[in-house]
Protein chains: 2
Amino acid sequence: MENRTKIINDSLVRIYNDILWIEEKELKKSQFNDLSIKEMHAINAITMYEHKTVSQVAKELHLTPGTLTATIDRLTRKNYVTRIRSNDDRRVIRLGLTKKGRLMFRAHDAFHRMMVRNFLKDLGQDEIKTIEKALRNLELFLRERS
Amino acid sequence: MENRTKIINDSLVRIYNDILWIEEKELKKSQFNDLSIKEMHAINAITMYEHKTVSQVAKELHLTPGTLTATIDRLTRKNYVTRIRSNDDRRVIRLGLTKKGRLMFRAHDAFHRMMVRNFLKDLGQDEIKTIEKALRNLELFLRERS
DNA sequence: CTAATATAATTTGATTATCAAAGTATTCAT
DNA sequence: ATGAATACTTTGATAATCAAATTATATTAG
């Protein structure tokens, strides 16, 4: 049983290392090769139309606001992201994607969907329920430690 | 079904973001708080007694040798890692952990084991087989794209 | 057996990524 | 109205990263 734990752990670590790297490679080959992988993930956290605030996105990505400001500066310069000063509260910046940003978002999203479909390949309904249960377990464990 | 894909994808993305951050927090609270999370993962890729070469470890972590050299410099300075010049081939550096490095390795490994045990909590034998199948699916998908 | 070629690691120079702490503008609470 | 709180940006420092050049050693072709 401990042995099985180790095998599953090693598999998870490999998956963890490989995903970022493969995403990076696909990115470099694409029309969006002026972006780093971190910039891409910022775009994906910003999302298409939610107009989240800087603090919200920083929190989701576990970055300090200062770090995110720097990333947004670059993404604005490269024309993926726009800053929208809120009218309710003029301290707040809401974030939006440009047309180019939305294109990027959809491309990355498509990759993720494909990855998940492959993850679940050849699994039946009950088996998918098992996966969902395990993911809930893990999220609960992680939340306990937050 | 597409909706389910999205829910699972979002869960995976949250897990992905949270794991690094929680590992980082635990690290900061521990006796090894002079390490960054990347340095910790380098230590874990070096492993206890395999004496891997710089190129080998760089490849596993998908880093250029130059990047790893810089990390090893810091880890050597902080007394976690040792460089061992190979006698077979004097171009090669083999990497080892100091006593402190091995202590760190074991601590991180323990965290991972706990995480996996929680991931598999309350799952039966068949359910664990399902998880293993899904992870194999994912590794295969990732390997196809390497 | 040497000369060209290849390989392993390091160095260099540039850019991005990151944080903590200080600063600026705005809002909230009393 | 003013003192505290909040949202974001700036600043200064360091880590993380790469591509390309360099150094030292090995391998191979002639």
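Residue numbers begin at 1 in each chain, while the letters A, B, ... track the order of the sequences.
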Starting at CD of B/E24 and ending at C1' of C/dA20, how long is that distance when rounded to a whole Å? 14 Å
Sugar-phosphate, base or nothing in reach of B/H41, heavy atoms under 4.0 Å: nothing
Measure the distance from CG on B/D34 to P on D/dA15 and round it to the nearest whole Å. 11 Å
Tabulated below should be each protein N or O lying under 3.5 Å from an N or O of nucleotides 10-12 of chain C; please produce it.
unit_1 : atom_1 : unit_2 : atom_2 : d
C/dT10 : OP1    : B/R83  : NE     : 2.8
C/dT10 : OP1    : B/R83  : NH2    : 3.4
C/dT10 : OP2    : B/T69  : OG1    : 2.8

Just how far, in rounded Å, is C1' of D/dT9 from CG of A/L95? 13 Å
Which of these, A/L103, A/D34, A/L97, A/I46, sits in a side-chain contact (heavy atoms from CB on, under 4.5 Å) with A/Y80? A/D34
Pairing donors with acceptors under 3.5 angstrom, does anything connect the side chains of A/H41 and A/E23? yes
Identify whether any heavy atom of B/T53 sits under 4.0 Å from a base atom; if not, whether one sits that close to sugar-phosphate; answer base, sugar-phosphate or nothing. sugar-phosphate
Without decimals, in angstroms, what is the distance between A/R94 CZ and D/dT9 P? 14 Å
May I have the distance from B/L35 (atom CG) to C/dT18 (atom P), rounded to whole angstrom? 18 Å
Between the side chains of A/E39 and A/T71, is a donor N or O closer than 3.5 angstrom to an acceptor N or O? no
Using the ring centroid of each side chain, check whether B/Y16 and A/Y16 are separated by less than 6.0 Å. yes
For nucleotides 27-30 of chain C, which of its nitrogen or oxygen atoms have a protein nitrogen or oxygen under 3.5 Å away, and what is each distance?
unit_1 : atom_1 : unit_2 : atom_2 : d
C/dT27 : OP1    : A/R90  : N      : 2.9

Check the distance between C/dT16's P and A/K28's NZ and give it to me in whole angstrom. 10 Å
Would you tell me whether A/D18 and B/H62 have side-chain atoms, one donor and one acceptor, within less than 3.5 Å of each other? yes
Under 4.0 Å between a Lys/Arg side-chain N and an Asp/Glu carboxylate O for A/D88 and A/R94? no
Is any side-chain heavy atom of B/F111 less than 4.5 Å from a side-chain heavy atom of B/I22? yes
I need the CD1-P distance between A/I37 and C/dT18, as an integer number of Å. 12 Å
Both B/T64 and B/R77 contact DNA chain D. Which one's nearest nucleotide lies toward the 5' end? B/R77
With distance as the sole test, does B/K129 use its side chain to make a donor-acceptor pair with the main-chain N or O of B/G124 at under 3.5 Å? no
Does the side chain of A/K38 get closer than 4.0 angstrom to OP1 or OP2 of C/dT18 through an N or O atom? yes
Find the distance A/K52:NZ to D/dC8:P and express it as a whole number of Å. 14 Å
Can a donor-acceptor pair be found between the side chains of B/Q125 and A/R4 at a distance below 3.5 Å? yes
